[in-house]
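For reference, the structure is listed below as structure tokens.
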Amino acid sequence: METPSVNPTGEKDTSQLKQQWERNPQENFDSTTEFRQQTQNLPTETLELKMSSDPARQFIENPQGTEKLVTRLEGDSEKSHESTREMPEFLQASDVWYCPDGSFIKKIIIRGQGLDKPKLGSRCRVLILGFPLGSGLPEGWTELTVGVGPWREKTWGELIEKCLESMCQGEEAELQLPGHSGPPFRLTLDSFTQGRDSWELEISEKEALAKEEHARGSELFRAGNPEGAARCYGRALRLLLTLPPPGPPERTALHANLAACQLLLGQPQLAAQSCDRVLERDPGHLKALYRRGVAQAALGNLEKATADLKKVLAVDPKNRAAQEELGKVVIQGKKQDAGLAQGLRKMFV
């Protein structure tokens, strides 16, 4: 985490802002109850590069529900303004914006100035309030650089970075997460330096940044953090995918590494897709064949799993991992056949 800077003279007082925020908690968070009620009955699915229990998927799979929720939040905001004349002035202007991937909804409390927003390399001075312990984020004023630093490796850091990229200077906002039972979190963007969009970077700059992300991802994977590693590999791939085809060969290794993370995170469908990307460029890639075989077995596609694992063993007959996985697939296939045969017998009894 980057070192928080010392508050200059005349800066907003953190304690005062906390008091303002907490003065009318019921009115300030009046939309939270509706938010929870709206999301209780939505299905929970797997979100790419997230843990399988991530409730953000509810909004991706149900965009109509998201739009209804946004409408209700806007309506709640208007009702709140009518019924809370004594609410602090900084809570009177609000707007609602939802992240395209459904991971959070942003309720703007004070609009920012201008149209510019933080980009890659922007050094942002922010005020963070209300985030849980263990989030890896400081409480109070700090400085964060978009696209740089270990603060981005955890789920909370990734969420904060997405939010910062949507904010203007001086903007204050509440963040509401699907399924979160507590009050919203508060984020203020005081100022930021000029950054650049990824398309403004030179090819050599993109490749250098991708290598840094790749190296950091491998470090996290070895440390037993496949979720953080997957984020790093994903960011590296997004940088390299903007390069002219066929792109650098490093993309192959990144997709293969990402597949390994996705298998550990219980995302076999995504892992199979990542392996497909590898095998499109390198049909004989043994690690990708093995990981796709494991993914297909987890999905119940036993014939495809058998084909991939046999290809691995044809090249490397002593590959113990492939031998063991193929043995599991054979046993699973026999159980399926036995169950099918029993079901057919019942049909003709």
Side-chain angles (χ1 to χ4, degrees), residues 45-51 54 56-57 60-61 63 99-103 117-122 145-155 157-166 195-221 225-265 267-292 295:
E45 300 289 342
T46 299
L47 179 64
E48 183 172 1
L49 308 187
K50 298 283 196 300
M51 297 302 289
D54 190 344
R57 186 67 176 184
I60 294 177
E61 295 295 332
C99 186
D101 66 5
S103 57
K117 296 177 175 62
K119 301 177 181 178
L120 182 64
S122 292
T145 302
V146 176
V148 178
W151 67 275
R152 306 156 61 236
E153 292 167 3
K154 294 186 177 181
T155 302
E158 185 179 36
L159 184 148
I160 289 293
E161 186 170 52
K162 291 177 184 177
C163 188
L164 286 175
E165 291 175 335
S166 74
R196 291 186 292 173
D197 286 313
S198 60
W199 58 265
E200 297 178 287
L201 301 176
E202 299 291 338
I203 292 178
S204 58
E205 292 177 302
K206 292 181 182 180
E207 291 177 340
L209 287 172
K211 286 181 179 179
E212 291 179 8
E213 293 284 4
H214 190 170
R216 181 55 179 162
S218 297
E219 181 181 339
L220 290 170
F221 188 85
N225 183 1
E227 189 175 9
R231 292 195 186 94
C232 291
Y233 294 144
R235 286 194 290 262
L237 282 167
R238 285 193 290 273
L239 286 166
L240 297 180
L241 288 173
T242 63
L243 300 181
E250 189 176 7
R251 283 172 50 182
T252 301
L254 284 166
H255 278 299
N257 291 351
L258 181 57
C261 296
Q262 290 164 335
L263 285 174
L264 290 175
L265 293 172
Q267 302 167 346
Q269 183 67 51
L270 297 177
Q273 293 172 2
S274 295
C275 291
D276 287 342
R277 302 294 180 272
V278 176
L279 296 169
E280 287 171 2
R281 299 169 66 95
D282 183 2
H285 198 288
L286 293 184
K287 288 184 178 180
L289 284 169
Y290 169 75
R291 290 167 187 167
R292 191 172 68 176

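Only heavy atoms go into these numbers, but all of them, side chains included; no hydrogens, no water, no symmetry mates. All values derive from a computational prediction rather than experimental measurement.
Glu280 contributes atom CD, which lies 10.0 Å from atom OG1 of Thr252 (distance to the nearest 0.5 angstrom). One finds the CG atom of Leu254 at 10.0 Å from the CG atom of Leu239 (value rounded to the nearest 0.5 Å). The distance from atom CG of Leu120 to atom CZ of Arg235, rounded to the nearest 0.5 Å, is 11.0 Å. One finds the CD atom of Gln262 at 11.0 Å from the CG atom of Asn257 (value rounded to the nearest 0.5 Å). The CG atom of Asp197 lies 11.5 Å from the OG1 atom of Thr242; values are rounded to the nearest 0.5 Å. Expressed to the nearest 0.5 Å, how far CG of Leu241 lies from CZ of Arg251 amounts to 5.0 Å.
Residue Arg216 comes nearest to Glu219 through the heavy atom pair NH1-OE2, 2.7 Å, listed as atom of the first residue, atom of the second, then distance. The two residues Ala236 and Ala210 make their nearest non-hydrogen contact at CB-O, 3.6 Å. Of all heavy-atom pairs between Leu159 and Ser103, the closest is CD1-O, 4.3 Å. Heavy atoms only, all atoms of each residue included: Leu263 and Pro268 are closest at CD2-CA, 4.4 Å. For the pair Ala259 and Cys275, the tightest heavy-atom approach, listed with the atom from each and the gap, is CB-SG, 3.6 Å. Taking both residues in full, the closest heavy atoms of Ser122 and Gly195 are given as OG-N, 3.2 Å, listed atom of the first, atom of the second, then distance.
Salt bridge absent: Glu207 and Lys211 never bring a charged side-chain N and a carboxylate O closer than 4.0 Å. Lys162 and Glu165 are not joined by a salt bridge, as no carboxylate oxygen comes within less than 4.0 angstrom of a charged side-chain nitrogen. A salt bridge links Glu213 with Arg152; the closest basic N to acidic carboxylate O contact falls under 4.0 Å.
In terms of the ring-ring contact (aromatic ring centres under 6.0 Å, His included) criterion, residue partners of His214 (sequence neighbours excluded) are, by chain and number, Tyr233. Residues forming a side-chain contact (heavy atoms from CB on, under 4.5 Å) with Gln273 (at least two apart in sequence, or on another chain): Gln269, Leu270.
The ring-ring contact (aromatic ring centres under 6.0 Å, His included) analysis of residues 239-260, with sequence neighbours excluded, yields no pairs.
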Taking it one step at a time, do Val146 and Lys119 satisfy side-chain contact (heavy atoms from CB on, under 4.5 Å)?
CA-CA 6 Å; Val146 176; Lys119 301 177 181 178; over 6 Å; no
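With hydrogens and angles ignored, the 3.5 Å screen pairs a side-chain donor or acceptor of Glu161 with a backbone N or O of Gly147. A side-chain donor-acceptor contact under 3.5 Å links Arg291 to the backbone of Ala256.
Using a 4.5 Å cut-off on side-chain heavy atoms (C-beta onward), Leu209 and Leu201 make contact.
Remark: Lys117 NZ is packed, more than 12 non-hydrogen atoms of other residues, nucleotides or ligands lying under 6.0 Å away.
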